[in-house]
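The first residue of the sequence shown is numbered 1, and numbering continues consecutively from there.
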Amino acid sequence: MARDDGTSLLTPELIVAEKVIAHDGARSLARAEHGGLLGVTCLQDAPYMAAYECFDSYSAFERYLDYGGPDLIPSVRLLLSEYCRHALDRAWFYYPDALPEESVAKDDIRNGYILRRLNFPLEDLYPDSQPAGQVGQEIYGSGAALIYTTRSFRRIEGVPFLIWCDVFVRAVHKIDATTISMRIDGPAGTEARLALVMEDGNTPDGIEPRLTTSDGRALPFELQDGRLEARLPADASLLFAWKETKK
């Protein structure tokens, strides 16, 4: 992240989020274009989705799903989980450098001006192809990177990659140096994406992962845009092991 003068904002609490924002392998987890599916406007009469309200709702729903556990009505779990899944995908496109230049407002900005090189999200994203950022960039929306990063990525000590999932991951336990158990906390009957993103930015050529469900079913990984990715049941209990191989 950078200041207006181009210098870095090297505060410790932003380092993880900054690495994720800048990581091409992480950004490619989102689609090429943003969509408005399950997007909610920030006010009852507002025509746009706002970065702050989007990540604030995402954070609140994560807590609600965790605290509600198995007692939640299945339809409620499905609705909130899908909202969070699509919010995570859409979140990238609040950042002006993730949008085509012609899709970002240039004139009559309501508050200040827009610098595409700054990792401050735009206030406003529209579902009807209006230029984003007509209200300006959100300084107070910069917490979005921290919220999405800490809830969708898992960093485990001594492990050379980040674990990313578009459904919330619970109960992560490190069994030994190369084995982890975890539970995917999504609605039954749906599918989740799980990916391994190397911390050094390299392709995962030196990793051989093995992912199995609690009933012993193996789930294959495929190489996608420089990361290993698997599709799995969104309510699965998993055993994940890997070994490092010589390149």
Side-chain angles (χ1 to χ4, degrees), residues 17 20 26 29-31 34-44 46 48-94 125 127 141 143-156 162-174 180-197 211-222 224 227-240:
V20 170
L29 289 163
R31 294 172 296 179
H34 82 80
L37 182 61
L38 290 180
V40 180
T41 57
C42 57
L43 295 169
Q44 74 275 10
Y48 61 83
M49 300 167 285
Y52 182 92
E53 283 77 5
C54 186
F55 81 72
D56 195 37
S57 299
Y58 175 90
S59 176
F61 291 157
E62 187 274 330
R63 290 290 79 204
Y64 183 85
L65 290 166
D66 190 24
Y67 293 153
D71 296 326
L72 284 179
I73 298 171
S75 57
V76 173
R77 174 174 292 279
L78 176 62
L79 176 63
L80 298 188
S81 294
E82 288 300 290
Y83 171 87
C84 291
R85 186 202 303 269
H86 289 284
L88 186 63
D89 181 73
R90 186 168 53 250
W92 288 109
F93 301 102
Y94 284 104
L125 199 61
L146 297 171
I147 293 296
Y148 292 122
T149 298
T150 54
R151 287 155 178 78
S152 61
F153 286 87
R154 290 293 184 124
R155 170 180 279 133
I156 301 169
L162 301 173
I163 298 174
W164 176 89
C165 191
D166 65 353
V167 175
F168 297 117
V169 176
R170 316 284 188 194
V172 178
H173 299 289
K174 190 173 182 181
I180 296 168
S181 65
M182 54 186 162
R183 179 172 59 85
I184 309 300
D185 189 24
T190 64
E191 188 179 65
R193 294 167 61 205
L194 185 143
L196 310 182
V197 181
L211 186 65
T212 56
T213 61
S214 57
D215 59 1
R217 180 159 62 98
L219 301 170
F221 280 92
E222 294 183 357
Q224 298 280 348
R227 64 182 181 272
L228 289 170
E229 185 173 315
R231 302 277 179 162
L232 55 146
D235 61 342
S237 294
L238 303 170
L239 190 65
F240 173 53

**Request:** Looking only at non-hydrogen atoms, find the nearest pair between L78 and P187 and report the distance.
**Result:** CD1-CG, 3.8 Å
**Complete:** Separation between CG (L72) and OH (Y67), nearest 0.5 Å, reads 13.0 Å
**Request:** Looking only at non-hydrogen atoms, find the nearest pair between L146 and T150 and report the distance.
**Result:** O-OG1, 2.7 Å
**Prompt:** If we only count heavy atoms from C-beta on, is the L219 to L238 side-chain gap below 4.5 Å?
**Reply:** yes
**Request:** On the 0 to 90° scale, with breaks at 30° and 60°, tag the F61-Y83 ring pair as parallel, tilted or perpendicular.
**Result:** perpendicular
**Asked** Hey, what do you get for CG (L80) to CD1 (I73), rounding to the nearest 0.5 Å?
**Response** 10.5 Å
**Prompt:** Should I180 and R154 count as side-chain neighbours, where that means a heavy-atom distance under 4.5 Å?
**Reply:** no
**Smallest separation among heavy atoms of A234 and V167, with atom names** = O-CG1, 4.1 Å
**Request:** Compute the ring centroids of Y94 and Y52, then answer whether they are less than 6.0 Å apart.
**Result:** no
**Prompt:** If every non-hydrogen atom of G141 is compared with every non-hydrogen atom of F55, which pair is closest and at what distance?
**Reply:** O-CE2, 3.7 Å
**Complete:** In terms of heavy-atom contacts, L211 and A230 come closest through CD2-CB, 4.1 Å
**Request:** State the CD-OH distance between E53 and Y48, to the nearest 0.5 angstrom.
**Result:** 7.5 Å
**S59 versus I147, closest heavy-atom pair with distance** = CB-CG2, 4.0 Å
**Request:** Could you grab the distance from atom CG of D235 to atom CZ of R77, nearest 0.5 Å is fine?
**Result:** 9.0 Å
**Request:** Starting at NZ of K174, measure out to OG of S181 and round the result to the nearest 0.5 Å.
**Result:** 12.5 Å
**Message:** Any heavy-atom pair between the side chains of I163 and I156 that's under 4.5 Å?
**Reply:** yes
**Request:** Taking the side chain as every heavy atom from C-beta outward, state whether L65 and S81 have any pair of such atoms under 4.5 Å apart.
**Result:** yes
**Request:** Working to the nearest 0.5 Å, report the span between CD of E229 and SG of C165.
**Result:** 10.0 Å
**Item:** salt_bridge(E191, R193) N-O dist < 4.0 Å
**Value:** no
**Non-hydrogen side-chain atoms of L196 and L162 separated by less than 4.5 Å** = no
